[in-house]
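So that the names make sense, note that chain A is the first sequence line, chain B the second, and so on, each numbered from 1.
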2 protein chains.
Amino acid sequence: MSLEHAILGFLNYAPMTGYDLKKAFDTSVRHFWPADQAQIYRTLKELTRRGWVTVEVVPQEDRPNRKVYHLTDAGREELRRWLRAPSDPEDPRVPLLVKVFFAGQLADEEAVALLEGYAAGLRARLEEYARIPQQAAHYAEAVRSPREVFFWALTLDYGVRLTRAALEWAEETIRHIRNLEEES
Amino acid sequence: MSLEHAILGFLNYAPMTGYDLKKAFDTSVRHFWPADQAQIYRTLKELTRRGWVTVEVVPQEDRPNRKVYHLTDAGREELRRWLRAPSDPEDPRVPLLVKVFFAGQLADEEAVALLEGYAAGLRARLEEYARIPQQAAHYAEAVRSPREVFFWALTLDYGVRLTRAALEWAEETIRHIRNLEEES
DNA sequence: GTATAATATATGACCAGTCATATAATACCA
DNA sequence: TGGTATTATATGACTGGTCATATATTATAC
C-alpha cells in the first residue's frame, strides 16, 4: 500500500507530525497520490502498532501537543524492501473512457462537448504543472540533495508527458468527429 | 459512479443477467474499468431499488434461474444525464511514481531495475492491446453499428497512446540514469 | 473415476479512502 | 465583534471495491 510507504519515505527525510505529513503530501506527491488527513492519522497509528515508527509527544502550551513520529530501523528496512519489490502492473481506472465507450448514445456535438470538457481539464492541469518548478525551487535549494531533486523532477516529467499524450488524443479525436460530420 | 452507469450502458444494448454483465465487462472495458462479480450483483440490487432497472426471473431446470435485468425509461434517462454531465478532472493515482519519488534511497542500479520492471509491464500491456482488434472483429461484425464501434476503438487508441508515452518516459529515464553513472 | 470449467446468484469480511465534524487555542482581518 | 485561518489530533459514518467462499447442476477433459 502506497500511503503507508509514502509516510515512511517522508519520515525518512525527518521526524514529523501527522499535520506536517499532510502538508508534505499536499506540496509534493498530491498529483499522483493525494492523502486524506484522517487516513494519515489512522495510518500512523497502524505504523506505530507494527513498530515501523515511534511517537514522541512534544507538549505545547499555546496549541495542541505535537506527536512527532520517528522512523525506526524496522521502518527504514521496510521502506527499502518496498522500494525494491516489483509492483504489479495494473491498468489505471479512467472514468472518462467509460463515458467514451458509451458515447454512441450521444449526438456528435454532445460527444465533442464531452471531449472538450476533458481537454480543458487537461490544459488546466498542464498549466498547474508548469507552475511547479518555481514553487519547488526554494525546496530544492533547502534540501541540497541533487539526487533527491532528480527523482522528484522525474515524477513531474511523467505527469507532463502523460497529460500531453491524453490531450493530443482528445484533440485529434475531436477533429476526427468533426471531419466525419462534414463528410455526411 | 462509473460502475453503475456502465451497467446501465450495457443494459441499454440488451437486457442481461449479472453473469452476462460480468462477461461483458471482462471482454470490453476491463482495461480501464474492471468490475468485480460481487460488486456487479450488489449494484444491480441497488439499481433495482432506484427504479433504473427491473428484474425478470427466467426459470431454468438444468441450471440456476436467470435474473434478466431490463433498463427502464428512468434508467435510460439517467444514462444520458450522466453521459452529458461534466466529469471532474482528477489526476489518476500512480503507485509507481510514489516509488520513484523516494527512489533517492536506492542505488542507481536499483532505480534502473525499478524502471525496467515497470517498462516490461508496459510492453506486455502494448502487446495485449495489439491483440484486441482481432478479438473485437467478430463483435464489431455482430453489432453492425459502426458508430458504436468507432467509440469503442477510441478507448483502445487512448490506452495505446498513454502506454506508449509512459514507456518512452521510462526508457528515456533509464538512459538518463545510465548516462549520469558514466559521467561520475 | 476424478477434477475442473461453465452457468448462475449471493453473502461475509475486509480494506483504503472520503467527508463531516469535534475539540481547543491563537492570530488576524474587516 | 464576528468570521476565518492556522496549528494539531481524532472519531464516526460511509462508499466503492476486493477476496473468499457457498450453493447447485451439467459438461468436458484427463
- Task: Could you say whether A/R42 or A/K23 is positioned toward the 5' end of DNA chain D, judged by the nucleotide with the nearest heavy atom to each?
- Result: A/K23

- Message: As a test of understanding, state which of A/R76, A/H70, A/M16 forms a side-chain contact (heavy atoms from CB on, under 4.5 Å) with A/L11.
- Response: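 Single side-chain contact (heavy atoms from CB on, under 4.5 Å) partner of A/L11 among A/R76, A/H70, A/M16: A/M16.
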
Contact under 4.0 Å: [X] side-chain N or O vs [N] OP1/OP2:
X     : N      : result
A/R93 : D/dT18 : yes
B/T17 : C/dT9  : yes
A/K45 : D/dT9  : no
A/Y19 : D/dT7  : yes
B/K67 : C/dA10 : yes

For [X] and [N], what is the distance between atoms [atom1] and [atom2] respectively, to the nearest whole Å?
X     : N      : atom1 : atom2 : value
B/E46 : D/dT15 : CD    : P     : 9 Å
B/I7  : C/dT9  : CD1   : P     : 12 Å
B/M1  : D/dC14 : CE    : P     : 17 Å
A/I40 : C/dA16 : CD1   : C1'   : 13 Å
B/L47 : D/dG16 : CG    : P     : 11 Å
B/Q39 : D/dG16 : CD    : P     : 8 Å
A/N65 : C/dA25 : CG    : C1'   : 12 Å
A/L44 : D/dT11 : CG    : P     : 12 Å

- Comparing B/D20 with A/D36, nearest DNA chain C nucleotide closer to 5' gives the residue B/D20

- Relative to the 5' end of DNA chain C, which residue comes earlier, B/Q37 or A/E4, by the nucleotide with the nearest heavy atom? B/Q37

- Message: On the side chain of A/R66, is there an atom forming a donor-acceptor pair with the base of D/dT6 - under 3.5 Å, no angle test?
- Response: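 No, the side chain and the base share no sub-3.5 Å donor-acceptor pair.
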
- Item | B/L167 reachable from B/Y118 in the ILVMFWY side-chain graph, under 4.5 Å edges | yes

- Task: Report which part of the nucleic acid A/A35 touches: base, sugar-phosphate, or nothing (heavy-atom distance under 4.0 Å, all strands).
- Result: nothing

- Message: Out of the candidates B/R50, B/R49, B/K45, only one should pair with B/E4 under the salt bridge (Lys or Arg N to Asp or Glu O under 4.0 Å) rule; please name it.
- Response: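 So, applying the salt bridge (Lys or Arg N to Asp or Glu O under 4.0 Å) to B/E4 and each of B/R50, B/R49, B/K45, only B/R50 qualifies.
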
- Task: Take atom CD of A/Q135 as the centre, draw a 6.0 Å sphere, and report whether it contains more than 12 heavy atoms from other residues, nucleotides or ligands.
- Result: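 More than 12 heavy atoms, drawn from other residues, nucleotides or ligands, come within 6.0 Å of this atom.
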
- Any side-chain heavy atom of B/F101 sitting closer than 4.5 Å to one from A/W33?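 Of all side-chain heavy-atom pairs linking A/W33 with B/F101, none is under 4.5 Å.
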
